[in-house]
Number of protein chains: 2
Amino acid sequence: MGNRSSSRPTDAELEILSVLWRNGPSTVRDVHAAINALKPTGYTTVLKLLQIMIDKGLVRRDESERAHVYEARFGQEQTQRQLLDDLLERAFEGSASKLVMQALSSEKATTEELAEIKRLLKKAERGAK
Amino acid sequence: MGNRSSSRPTDAELEILSVLWRNGPSTVRDVHAAINALKPTGYTTVLKLLQIMIDKGLVRRDESERAHVYEARFGQEQTQRQLLDDLLERAFEGSASKLVMQALSSEKATTEELAEIKRLLKKAERGAK
DNA sequence: TAGCGGGTACGAAGATATTCGTTGACAGTA
DNA sequence: TACTGTCAACGAATATCTTCGTACCCGCTA
């Protein structure tokens, strides 16, 4: 029985997790269809990845049917937070404010998003006080 | 002459870049001392990494002295933004607000940081308007 | 029964990242 | 000159990630 280290998911693994989060529990066929639409990929490639992810504990599967059904083991938000904390540690010296600064100054933040963030910030302030 | 792809820096590379950002242009010996303090690492490991980073264009070096002096080619903020945009794309479906949300709700944001973020947010708002 | 469609498991090749030993160059000094 | 310390270059071993071919299994049907 496998039990590898619990580092962050790799790029390919994250793509698969995204599919599982978006579509819910899926067969290999389903996942492959979604992945393949973005980037031509062999069926067995996706299968192998999912098997490895079982080994790492990133996904669960239901084997009661012939076509196994895979499901993400950790929620999207939990994983996002893990990746964020990891990046924070590796590249931002643990400073969340520096990270947020960069995120805000990147072109990616729209005006609507800024408004949403403002709202969240007030909420966070009340919590942290 | 080397010229590899321009993907994001690897973990080991990022550690070295951090040292270069923190301490400025450094010899291999300097970088090794800093890295080794955190994690026992051979001198030639660091040297090899730096040579690879030259090849990838991540660092420059001055060879005029016997002990070459290495320097990060891109600034810390620029690299942080690149990593952030990359993570945004890979794990947050490009939504900066979701990312910031997670960053704020993580335990990593201290009260002081929240205040700083608030300040920045106002600044960003004025800019985005 | 033979063949087909659709499924899993497994091994292995190729790419990339990480680590370090060994070699050889050079400068200073005994 | 011979030895020592410091340095860069290189090759190679190892680990991990990614990709896929091949083998095999099971149920259906001609």
Side-chain angles (χ1 to χ4, degrees), chain A residues 1-19 25-71 83 86 90-91, chain B residues 1-19 25-71 83 86 90-91:
Chain A
M1 205 180 306
N3 187 17
R4 303 196 197 179
S5 79
S6 67
S7 57
R8 62 187 189 278
T10 67
D11 286 2
E13 287 165 356
L14 195 51
E15 274 177 31
I16 286 183
L17 287 176
S18 295
V19 171
S26 311
T27 63
V28 178
R29 178 147 303 278
D30 296 334
V31 176
H32 174 249
I35 297 284
N36 196 52
L38 299 179
K39 189 176 69 135
T41 307
Y43 175 89
T44 54
T45 299
V46 174
L47 171 62
K48 180 65 159 188
L49 250 343
L50 280 166
Q51 286 168 349
I52 290 171
M53 290 169 80
I54 286 281
D55 202 46
K56 291 186 181 175
L58 290 173
V59 296
R60 272 193 289 261
R61 72 177 166 188
D62 175 359
E63 307 183 3
S64 64
E65 296 297 321
R66 193 158 95 84
H68 301 173
V69 176
Y70 290 79
E71 183 182 6
L83 289 168
D86 179 75
R90 286 188 301 121
Chain B
M1 202 183 306
N3 186 18
R4 302 198 198 181
S5 79
S6 67
S7 57
R8 60 187 189 276
T10 68
D11 286 3
E13 286 164 357
L14 194 52
E15 274 177 30
I16 286 183
L17 287 175
S18 295
V19 172
S26 311
T27 64
V28 178
R29 177 147 306 277
D30 296 335
V31 175
H32 174 249
I35 297 285
N36 196 52
L38 300 178
K39 189 177 68 140
T41 308
Y43 173 89
T44 53
T45 300
V46 174
L47 170 62
K48 180 65 159 186
L49 249 342
L50 280 165
Q51 284 167 348
I52 289 171
M53 290 168 80
I54 285 281
D55 201 45
K56 290 187 182 177
L58 291 173
V59 295
R60 273 193 288 261
R61 72 176 165 191
D62 175 358
E63 308 182 4
S64 65
E65 296 296 321
R66 192 158 96 86
H68 300 174
V69 176
Y70 290 79
E71 183 182 7
L83 289 168
D86 180 73
R90 286 189 301 121

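Computed from a prediction, not measured in an experiment: that's the story for all the values here. By convention in this document, chain letters (A, B, ...) are assigned in the order of the sequence lines, proteins followed by strands, and residues within each chain are numbered from 1.
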Atom CE of Met53(A) and atom C1' of dT16(D) are separated, to the nearest Å, by 16 Å

Could you list all N or O pairs between the protein and nucleotides 3-6 of chain D that sit under 3.5 Å apart?
{"unit_1": "dT6(D)", "atom_1": "O2", "unit_2": "Arg66(B)", "atom_2": "NH1", "d": "3.1"}
{"unit_1": "dT6(D)", "atom_1": "O2", "unit_2": "Arg66(B)", "atom_2": "NH2", "d": "2.5"}

Do Leu17(B) and Val59(B) touch side chain to side chain, with heavy atoms closer than 4.5 Å?
yes

Write down the distance between CG (Asp11(A)) and C1' (dT16(C)), rounded to a whole number of angstrom.
12 Å

Grab the CG-P distance between Asp55(B) and dT18(C) for me, whole Å please.
15 Å

From dC20(D), dT18(C), dA8(D), nucleotide with atom closest to Thr45(A) side chain
dC20(D)

Using heavy atoms and a sub-4.0 Å distance, could you list which residues of residues 36-43 of chain B are near DNA chain D? By number, please.
Tyr43(B)

When rounded to the nearest 0.5 Å, the distance separating NE2 of His68(A) from CD of Gln51(A) is 9.5 Å

Gap separating the CD atom of Glu15(A) from the NZ atom of Lys39(A), nearest 0.5 angstrom
5.5 Å

Interatomic distance where CZ belongs to Arg90(B) and P belongs to dC17(D) [whole Å]:
13 Å

Can you confirm whether Glu65(B) is buried at CD, in the sense that more than 12 heavy atoms of other residues, nucleotides or ligands lie under 6.0 Å from that atom?
no

Among the candidates dA9(D), dT19(D), dT19(C), find the nucleotide nearest to the side-chain atoms of Leu49(B).
dT19(C)

Whole-Å gap separating P (dA9(C)) and CD1 (Ile54(A)):
9 Å

Compare the minimum distances between each of dA17(C), dG11(D), dC10(C) and the side chain of Lys48(B), then state the nucleotide with the smallest one.
dG11(D)

Choosing from dT18(D), dC7(D), dT19(C), which nucleotide comes nearest the side chain of Ile52(A)?
dT18(D)

Taking the side chain as C-beta and beyond, is there a heavy-atom pair between Asp62(A) and Glu71(A) under 4.5 Å?
no

Among dT19(D), dA8(D), dT22(D), the nucleotide that comes nearest once only the side chain of Val28(B) is considered:
dA8(D)

I want to check one thing: is the phosphate of dA9(D), taken as OP1 and OP2, less than 4.0 Å away from some side-chain N or O of Gln51(B)?
yes

What is the distance from CG of Leu47(A) to C1' of dC25(D), rounded to the nearest Å?
14 Å

Distance in Å, Leu58(A) CG paired with Arg8(A) CZ, rounded so as to fall on 0.5 Å steps:
13.0 Å

Heavy-atom closest pair, residues His32(B) and Thr41(B):
NE2-O, 2.6 Å

Would you give the length of the straight line joining atom OG of Ser7(A) to atom NZ of Lys56(A), rounded to the nearest 0.5 angstrom?
5.5 Å

Taking the side chain as every heavy atom from C-beta outward, state whether Leu83(A) and Leu14(A) have any atom pair closer than 4.5 Å.
yes

Which atom of Val31(B) lies closest to which atom of Val19(B), heavy atoms considered:
CA-CG1, 4.1 Å

How many angstroms lie between atom CG of Leu50(A) and atom OG1 of Thr45(A), to the nearest 0.5 angstrom?
11.0 Å

Does Arg61(B) have a side-chain nitrogen or oxygen under 4.0 Å from the phosphate oxygens OP1 or OP2 of dA9(D)?
yes

Picking from dA9(D), dG7(C), dC17(D), the nucleotide nearest the side-chain atoms of Lys56(A) would be dC17(D)

Have a look at the helix from dT1(C)-dA30(D) to dA30(C)-dT1(D) and give the angle its two end axes make, five pairs each, rounded to 10 degrees.
40°

So which nucleotide from dC20(C), dC20(D), dA9(D) ends up closest to the side chain of His68(B)?
dA9(D)

Phosphate oxygens OP1/OP2 of dT18(D): is one of them under 4.0 Å from a side-chain N or O of Thr10(A)?
yes

For the pair made of NE2 in His32(B) and P in dT19(C), what is the distance, rounded to whole Å?
11 Å

Once you round it to whole Å, what is the distance between C1' of dT18(D) and CG of Leu14(A)?
15 Å

CE (Met53(A)) and CD1 (Ile16(A)) are apart, to the nearest 0.5 Å, by 5.5 Å

Should Asp30(A) and Tyr70(A) count as side-chain neighbours, where that means a heavy-atom distance under 4.5 Å?
no

